Number of protein chains: 2
Amino acid sequence: MTEERSTYQRLQTELADLIQKAPKGSKLPSEPLLAEQMGVSRATLREAMRTFESQGMLKRQQGVGTFVVGPTQVIDSGLEVLESIETLAERIGLEVTMGHFEFTHLQASARQSNKLVIALGDPVIEVRRVIMMHDSPVAYLVDVLPEHVLDPETLATRFTGSVLDLLITIGDPPLSTSKTEISAIHAPVEVAKALNIQRGDTLLLLRALLFNESGDPVDYSHSYFLPGYFRLHIIRKIGGVTT
Amino acid sequence: MTEERSTYQRLQTELADLIQKAPKGSKLPSEPLLAEQMGVSRATLREAMRTFESQGMLKRQQGVGTFVVGPTQVIDSGLEVLESIETLAERIGLEVTMGHFEFTHLQASARQSNKLVIALGDPVIEVRRVIMMHDSPVAYLVDVLPEHVLDPETLATRFTGSVLDLLITIGDPPLSTSKTEISAIHAPVEVAKALNIQRGDTLLLLRALLFNESGDPVDYSHSYFLPGYFRLHIIRKIGGVTT
DNA sequence: CATTGGGGATTTGTCAGACATTTGAACGTA
DNA sequence: TACGTTCAAATGTCTGACAAATCCCCAATG
């Protein structure tokens, strides 16, 4: 029953140890040297390193070397209350900035019109932006709103980085709740591009539908978070005991 | 500004397409053949495939071939109410079974005693088990409880697969709430072993501290979920506008 | 002296080919 | 039929090589 571990598996364990022990930002030995130390070929070593790179634990640069990307400060937030990353960051004294930002004019797709309870093809605004922390992209946010909720002029003149904060300020009727769905997904191509990661890397995804006090949906958003930078928590109540 | 994409990046995109389009469970062409089709060497192809394998999208077997692991049915649960996976699964008509199960007798570590508000070294019981769905491991659960909450005899005789359900049944005083922390992490070695994945693969982690009606913590648990099998949602309320 | 422009060394990126190991199926034999 | 052998196919690993990017030192130049 002593299952033999393959060279690759053994190597991956050793690599994980090495990476965890290595100081953040430090440079790893060169591939030929490391392969010799680990007792494997360079090809096998590279296969193993790819997985760590795809998980954002390693950065490689041709002609330079391979570097350990250390764990960084995490954004810790309670999920019961809906607040923007910007507001949260300010509250806990964390510095975040907005990276790439764009908004486009669209006609509601089938999914969007369904979620927002509007007619197919109704005008909507799509807002996309990247959240940066310490000059690294950590989140990618996409909001879709009916145009009657947020017109382009208001967006252009009063947007400060957070759609949610803007909606809270100008919302009429005011906002009340959101239904948020939490999952882990593999990065779609456009998100991977924006966050400068590999397509297929794993992300924490919060899909939220935002309602005003009349119960009308006003915003359908996707928030893609880089794992490791965020810790979300929630108070849960014991449910009905069906047994 | 037209950034050149490396062979590897192009290959990964093509592979992602191929995998998404391929029927679930289908067999991929052999590595030499696929490498020729993609116009890359076998070594490069293998590097790219490793990342998909480490994310559970591919299964490879020496002497047999490489297979696409299709997206499977997801477990969809609201987070406001705390209920066991078993109860949830039963409610929505999903078949889950218990894989490996073990419990051990320990003395509380610093972290555990801190979380459970007991003395360092106090006797605790640690319960570990694997949740299976369609014969695949999908979650790994670890519960730590003070022995005065759950004694070994009760555990041995009345455990049906869920510590939470057991605590709800025998809890005295009854359970009330839990504080749950949601994050995405890279699989520690013992979890990777239990779930039959690679160390370092990304997992959804729910860390929960369970309280009874007296406000005493009675259970400190870690739930490791395989991404893709779970979708969790929550209703959030608009917070105070600090501005 | 400050700046620029070459080498050259180092490192990662990619490739070609080879052999080892595992598996499954076909085949032959008792 | 049942069982063991053989063999082809597929992944696992290794070796060696060259290409491309980067960095650093140093000489030439103003």
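Letters A, B, ... mirror the listed sequences (proteins, then strands); counts begin at 1. A quick note: this is a predicted structure, and the numbers were derived from the prediction, not measured.
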If every non-hydrogen atom of Y140(B) is compared with every non-hydrogen atom of V142(B), which pair is closest and at what distance? CE2-CG2, 3.7 Å
Shortest non-hydrogen separation from S84(A) to D165(A) and the atoms involved: OG-OD2, 2.8 Å
Those residues that, when tested against R129(A), pass salt bridge (Lys or Arg N to Asp or Glu O under 4.0 Å) (two or more places apart): D143(A)
Can you name the salt bridge (Lys or Arg N to Asp or Glu O under 4.0 Å) partners of E181(A), sequence neighbours left out? R207(A), R231(B)
May I have the distance from [X] (atom [atom1]) to [N] (atom [atom2]), rounded to whole angstrom?
X: F67(A); N: dT10(C); atom1: CZ; atom2: P; result: 16 Å
X: R46(A); N: dC15(C); atom1: CZ; atom2: C1'; result: 11 Å
X: R50(A); N: dT12(C); atom1: CZ; atom2: P; result: 12 Å
X: L45(A); N: dG13(C); atom1: CG; atom2: C1'; result: 14 Å
X: E53(A); N: dT11(C); atom1: CD; atom2: C1'; result: 14 Å

Would you tell me if any nitrogen or oxygen in the side chain of S41(B) comes within less than 4.0 Å of OP1 or OP2 on dA16(C)? no
Using a cut-off of 6.0 Å, state whether more than 12 heavy atoms not belonging to E190(B) lie near its atom CD. yes
5' to 3' on DNA chain D, which nucleotides open and close the contacts with chain A (atom under 4.0 Å from a heavy atom)? dT13(D) to dT22(D)
Can you give one letter per nucleotide of nucleotides 17-27 of chain C, going 5' to 3': B for a protein heavy atom under 4.0 Å from the base, S for sugar-phosphate only, - for none? -B--BBB----
Residues passing the side chain to side chain donor-acceptor pair (under 3.5 Å) test with T44(B), sequence neighbours excluded, are S41(B)
Please compare T44(A) and L28(B) by the position of their nearest nucleotide in DNA chain D and report the one closer to 5'. L28(B)
Which word best sums up how the rings of F225(A) and F230(A) line up, parallel for under 30°, tilted for 30 to 60°, or perpendicular for over 60°? tilted
For residues 58-67 of chain A, which side-chain donor-acceptor pairs fall under 3.5 Å, sequence neighbours excluded?
| from | atom 1 | to | atom 2 | distance (Å) |
| --- | --- | --- | --- | --- |
| R60(A) | NH2 | E31(A) | OE2 | 2.9 |

